[in-house]
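Okay, structure first, notes after.
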Amino acid sequence: MAKTIQAIRGMNDCLPTNTPLWQKLESTVKHVLSAYGYSEIRMPIVEMTHLFSRAIGEVTDVVEKEMYTFEDRNGDSLTLRPEGTAGCVRAGIENGLLYNQEQRLWYMGPMFRHERPQKGRYRQFHQVGVEVFGLNGPDVDAEMIMMTARMWRELGIEKHVRLELNSIGSLEARANYRDALVAYLEQHEDVLDEDCKRRMYTNPLRVLDTKNPEIQKILVDAPKLSDYLDEESQQHFAGLCELLDAAGIEYQVNERLVRGLDYYNRTVFEWITESLGAQGTVCGGGRYDGLVEQLGGKPAPAVGFAMGLERLVLLLETLKLDEVRRTVDVYMVTAGEGTMMAGMKLAEQLREDVPGLRVMSHFGGGNFKKQFKRADKVGAAVALVLGENEVADNTVVLKDLTGGEQTTIAQSEVAAQLKELI
Ligand code: ATP
Ligand code: MG
């Protein structure tokens, strides 16, 4: 027998049992985005390598260690996109979308990073990214956060995620802070691990989000970024907090939140869940007012975020939100002479009467027990049962599979009952 070929490590199939959850997530997110007037943009999955090294920064984890880079047949260095912002900005500049204009954009698709695969961390993963160009106030930052909060509510996970917020100020403010931080870290060099020692000079702010508890201890007394913030960034941040307070959105200011990519300034935020272990950030974003210019466009303020769909799917699975997993609302069970035809007829009628209702008919015979087992397997909320007696007097047995109640009702009343139940 030939040796079977397997998928690439960290790149997963999405199987039919799981696609309903993905579809639910994707459609909810799209629906919320459209409710705020955002438009979809689609970019290629491959870009020139130097787009990413220039946008993300040479000394970031992504560019140093995680990119899938290869030479194509022309000898050009290309890279599978590790994130969407760089490509979105490139597309915006190239197509004249950003100069003197407002754009509210989103995209959805696979990203590629060569990381160590583990729960919530893969080599091909999927993001929904949102980017707004041409607006520099805290109002749009606040709207983005409110929009994500609405997504969590619509998905039913709002109690399982929390918001962390920070301002990392202007480029100059960060440069001043950087000097103070490096001076402090130099005094504690003996405690630093290899990673932090390396970062101390290449990208010292990244030391702040170390997971090493010993280093975290010495960071307690490190200089604070907030003491170095420029006046305008302070005002921007205060404005954002005020808007979030008014919208009733809870947040924690986390002074150590700096985020991994170089291009951020001012607002940075993350939505975090405690339900997934170490890979708990489901969404992260912030302002990147300098990036458009850095990539060759006319200066344009920008803010955006990206959410990791695998982590959200894992969260939905962990919380076992049955209703989200459900692909069938009603399972039609029939047994006895002439009942199959009656069942199909009733199913057709219900599809007419209850828009969006998902009805699956049982085929292939078998006793009630076997049929109910199938109904459970597909996760139906309700079974409708037609035996010879029911067909004879135009009734049907309605069994609530979530609560177990069972009643016999007239066929003409089923649609109304289902509308209430589902
Ligand atoms: P992390 O700190 O978990 O590595 P990150 O800061 O590298 O995340 P971003 O570049 O901000 O992540 O990407 C936004 C979101 O995309 C993350 O919050 C996460 O939900 C998701 N994500 C990032 N990398 C991966 C990955 N390798 N596998 C699955 N999801 C990912
Ligand atoms: Mg990462």
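The model shown is predicted, which means the values in this text are computed figures rather than measured ones. Every number for a ligand or one of its atoms is a count from 1 in the order of the listing.
The line from CD of E40 to CG of L105 is 10.0 Å long, rounded to the nearest 0.5 Å.
The contact set between ligand 1 and T281, taken as ligand atoms under 4.0 Å from a residue heavy atom, comprises 17 (C), 18 (O), 19 (C), 20 (O). Of all atoms in ligand 1, numbered sequentially from 1 with element shown, those under 4.0 Å from a heavy atom of V282 are 20 (O). When each atom of ligand 1 is checked for a heavy atom of G120 under 4.0 Å away, the hits are 28 (N), 29 (C), 30 (N).
Ligand 1 lies within reach of R259, whose nearest heavy atom is under 4.0 Å from it. Within the structure, the closest approach of E115 to ligand 1 falls below 4.0 Å when heavy atoms are considered.
Contact of the I157 side chain with the L316 side chain is registered, since non-hydrogen atoms from C-beta on lie closer than 4.5 Å.
Contact annotation for Q127 and ligand 1: only side-chain heavy atoms (C-beta onward) come within less than 4.0 Å of the ligand. Heavy atoms of R311 found under 4.0 angstrom from ligand 1 belong exclusively to the side chain. By the criterion of a heavy-atom distance under 4.0 Å, neither the backbone nor the side chain of E83 is placed next to ligand 1.
A salt bridge is defined here as a Lys NZ or Arg NE, NH1 or NH2 lying under 4.0 Å from an Asp or Glu carboxylate O, and R198 with D195 meets this definition.
Considering backbone and side-chain atoms together, E310 places no N or O closer than 3.5 Å to any N or O of ligand 1.
A side chain to side chain donor-acceptor pair (under 3.5 Å) with E310 is found for one member of K119, Q279, H126 and no other, namely H126.
Distances from atom 23 (C) of ligand 1 to the heavy atoms of Y122, W271, F112, F125 show the closest one on F125.
For residues 239-256, the pairs satisfying side-chain hydrogen bond (donor to acceptor under 3.5 Å, both in side chains) are R162-Q252, E164-N254, S226-E255, D245-Y251, with sequence neighbours left out.
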- Task: Applying side chain to side chain donor-acceptor pair (under 3.5 Å), run through Y36 and R150 and close with a yes or a no.
- Result: CA-CA 11 Å; Y36 287 78; R150 180 176 296 279; 3.1 Å; yes
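The side chain to side chain donor-acceptor pair (under 3.5 Å) test applied to S233 returns D230, R266, not counting sequence neighbours.
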